[in-house]
Amino acid sequence: MARVPAAVLHALHRARSAPRALVRRHRTRPAPTAVELGRRPRPWPRALGLVAVVLVGAWLGLLIVGNVRVPVGPMNTTMTLRPSFTGGTKINVSPLGALQLDSHVAPVRLDVNVDQLDPDRAQALVDHPERLSGLQDEVARDVEHGTLDLAVRSCVAVVAGATALGLAVYRRPRRALAAGGLAFTLLVASGGTAYATWNPDSVLEPRFSGLLSSAPSLVGDARSIVTEFDVYQKELARLVTNVTKLYDVTSTLPAYQPDPTTIRVLHVSDIHLNPASWKIIASLVEQYKVNVIVDSGDTMDHGTAAENGFLDPIEDLGAPYVWVRGNHDSLITQRYLGGLKNVHVLDDGRARTVAGLRFAGIGDPQFTPDRARKPGAEASQELAGARLASALRDQRAAGTPVDVAIAHEPSAAREVDGEVPLVLAGHVHHEDMKVMKYGTRLRIEGSTGGSGLRAVEGKYPDPIQASILYFDRDTRRLQAWDQIKLGGLGLTTAEVSRHLPRENQPGATPSPTDGSPSPADGTPSPGSPSPSPAPATP
């Protein structure tokens, strides 16, 4: 028998045993565990995590450096972009409230904070009202510059914030750069969405909050204010110019010529935060050589501390200022005025002698800046008038009779009939003069502020009204008065008419000096021109 070589036998043995070895190896190899299966990459959780890192990093970047300070007209503002689900624009006017506009739909909102009014730029507008004609273009340039600066700064803040947070979370430069790129892409997409949905008409339909929520009821709907703003600003400079013509017109009116000893009282009322009023009052004080100014209230609109700075020009008007509180003036307003130099605040029937005349007054018992009418308002006015009348009787019994009483509402002023020769009031925004049943003359002044911003609510702007009252220094009786009426905002007329009490007209019995008031109403003086408008120079 032939012998098989040993090498061949060994090879056949290995070939025969190989399948069994493979089976044993397969049987003994452990199956992959759940942990090993979970380590397999899953793209969606990684993508969501990256998006979360980008959004948080972008928000932190905007929060830290994503704002710019921009001067807009006479105001200093801060513009900021904030993440939002609805977009839009929010204008914060602290402490009065906020104004929200549906200006765009995007995941970012534009916040504009009005930080403060720059006193120098605001005073420049007051001193040179003709600059208002170019204010709109100036504000547009300021806003354009501010938004461009904000866009660049916000882009840098978003990309830097997302990149920095990505590097801190992933610790890989490639992942951090991916986060920064995604943030830039989202910002560009948001800007494109905002541009595509931009609604410039949103300024006509704002939403108010805080104290500004009463703005529509005070100044009319925003649409009329915007569409008629050209009426409001068109001739504002001419209002002050018109005043320079008033003295020349009145100096030619006959029948009464005030001498140097005559006491001249300027009666104003219901200014309602109109800054043009201070220039007009200062001009009248200078041209008529006014000895004392009497303000029968509603100098403010809301009576808030934020409005107090509006009162500061009173110190520089050039004459003592006698004031009583109106229903739009708060006790905050009254305390602030009491601290100004040359201001005499009258309340609770207190009397004060100023420029040779003795005045007594009482503040309005109601505080209704929203123009609401509270129950029992008429009764409270009558009660206030009765308190004033009692104080007038006490003054007369003490040998210091009052020459002029002051109350804001006519219903309170009527209660002093028979206790004083003259009582001054306002509130109703139109002038009137009459002698009441027991001889006291009631003078109601119109709005020296042209009813403030409400001047553009109606078809025609409200006129600006004031009066110059002439008193004899010896008898301290009213000798004549000039009614002054400036055309409302946007108009260019000036009307001045002189009037005499009936007892001072030619041929009449001289006015008694025993303290009893005149029994007749005042009428225009005979022979004097009728109270027709005097044309004003543009």
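Residues take their numbers from the sequence shown, with the count starting at 1. Note that this is a predicted model, so its numbers are computed, not measured.
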*asked:* On a heavy-atom basis, which atom in Gly303 and which in Ser330 lie closest, and how many Å separate them?
replied: O-OG, 2.5 Å
Output a table of donor-acceptor pairs, distance under 3.5 Å, between side-chain atoms of residues 318-325 and any protein atom two or more places apart or on a different chain; print 'none' if there are none.
{"from": "Tyr321", "atom 1": "OH", "to": "Asp295", "atom 2": "OD2", "distance (Å)": "2.5"}
{"from": "Trp323", "atom 1": "NE1", "to": "Thr299", "atom 2": "OG1", "distance (Å)": "2.9"}
{"from": "Arg325", "atom 1": "NE", "to": "Asp364", "atom 2": "O", "distance (Å)": "3.4"}
{"from": "Arg325", "atom 1": "NH1", "to": "Gln334", "atom 2": "OE1", "distance (Å)": "2.5"}
{"from": "Arg325", "atom 1": "NH1", "to": "Asp347", "atom 2": "OD2", "distance (Å)": "3.0"}
{"from": "Arg325", "atom 1": "NH2", "to": "Asp364", "atom 2": "O", "distance (Å)": "3.1"}

*Step by step, work out the side chain to side chain donor-acceptor pair (under 3.5 Å) result for Ser447 and His272.*
CA-CA 8 Å; Ser447 173; His272 286 292; 5.7 Å; no
*Look at the side chain of Thr333 and the backbone N and O of Asp329, then say whether any donor-acceptor pair between them is shorter than 3.5 Å.*
no
*Quick one: closest heavy-atom pair of Ser296 and Gly426, and the distance?*
OG-N, 3.8 Å
*Strictly under 6.0 Å, is that where the ring centroids of His302 and His328 end up?*
no
_I'd like to know if the side chain of Ser277 reaches the main chain of Asn274, judged simply by a donor and an acceptor atom lying under 3.5 Å from each other, with no hydrogens or angles considered._
yes
*asked:* Could you go through Ser467 and Glu445, starting from their C-alpha distance and side-chain angles, then the distance that decides it, and tell me whether this counts as side chain to side chain donor-acceptor pair (under 3.5 Å)?
replied: CA-CA 7 Å; Ser467 298; Glu445 191 54 77; 2.6 Å; yes
*With the side chain counted from C-beta on, respond yes when Leu167 and Leu165 share a heavy-atom pair under 4.5 Å apart, and no when they do not.*
no
*State, yes or no, whether a side-chain contact exists between Ile281 and Ile293 at a heavy-atom distance under 4.5 Å.*
yes
*Go through the steps to decide whether Asp298 and Ile271 satisfy the test side-chain contact (heavy atoms from CB on, under 4.5 Å), and finish with yes or no.*
CA-CA 6 Å; Asp298 273 6; Ile271 291 174; over 6 Å; no
*Going from CD1 on Ile484 to CG on Leu284, what distance comes out if it is rounded to the nearest 0.5 angstrom?*
5.0 Å
*Least distance between heavy atoms, Val158 atom then Ala183 atom*: CG1-CB, 3.7 Å
*Taking it one step at a time, do Glu409 and Gln381 satisfy side chain to side chain donor-acceptor pair (under 3.5 Å)?*
CA-CA 7 Å; Glu409 290 208 23; Gln381 295 295 338; 3.2 Å; yes
_Val68 to Arg153 - nearest heavy-atom pair and separation_ = CG1-NE, 3.3 Å
*asked:* A quick test of your reading: do over 12 heavy atoms of other residues, nucleotides or ligands sit less than 6.0 Å from CD of Glu286?
replied: no
_CG-CD1 distance between Leu424 and Ile406, expressed to the nearest 0.5 angstrom_ = 6.0 Å
*Leu469 CG to His267 NE2 distance, which is reported to the nearest 0.5 Å*: 7.5 Å
*asked:* For a 4.5 angstrom cut-off between non-hydrogen side-chain atoms, does Leu311 reach Leu340?
replied: yes
_Give me the atom names and distance for the closest heavy-atom approach of Pro410 to His427._
CD-CB, 4.1 Å
*What pairs with Ser380 under side-chain hydrogen bond (donor to acceptor under 3.5 Å, both in side chains), at least two apart in sequence or on another chain?*
Gln366
*Out of curiosity, Trp481 CH2 to Met433 CE, how far, rounded to the nearest 0.5 Å?*
4.0 Å
*Reported CD1-to-CG distance for the pair Ile464 and Leu486, which is rounded to 0.5 angstrom*: 5.5 Å
*asked:* As an exercise, state the distance from CZ of Arg69 to OG1 of Thr78, rounded to the nearest 0.5 Å.
replied: 4.5 Å
_Side-chain touch Leu383/Pro365, heavy atoms, less than 4.5 angstrom_ = no
*Please report the shortest heavy-atom distance between Ala176 and Gly166, naming the atom on each side.*
CB-C, 4.0 Å
*Quick one: does Val294's side chain get under 4.5 Å of Phe359's, heavy atoms only?*
yes
_With a 4.5 Å cut-off on side-chain heavy atoms, are Asp270 and His408 touching?_
yes
_Whether over 12 other heavy atoms sit under 6.0 Å from Phe184 CZ_ = no
_Test side-chain contact (heavy atoms from CB on, under 4.5 Å) on Met300 and Asn308; report intermediate values, then the result._
CA-CA 9 Å; Met300 309 297 245; Asn308 284 345; 3.8 Å; yes
*Kindly indicate whether the side chain of Thr448, heavy atoms from C-beta on, has any atom under 4.5 Å from the side chain of Ile280.*
no
*Arg387: partners by salt bridge (Lys or Arg N to Asp or Glu O under 4.0 Å), with sequence neighbours left out*: Asp348
*Can you name the one residue among Lys485, Gln465, Gln483 that meets side-chain hydrogen bond (donor to acceptor under 3.5 Å, both in side chains) with Glu431?*
Gln483
*Can you tell if the side chain of Arg352 reaches within under 4.5 Å of the side chain of Leu346, non-hydrogen atoms only?*
yes
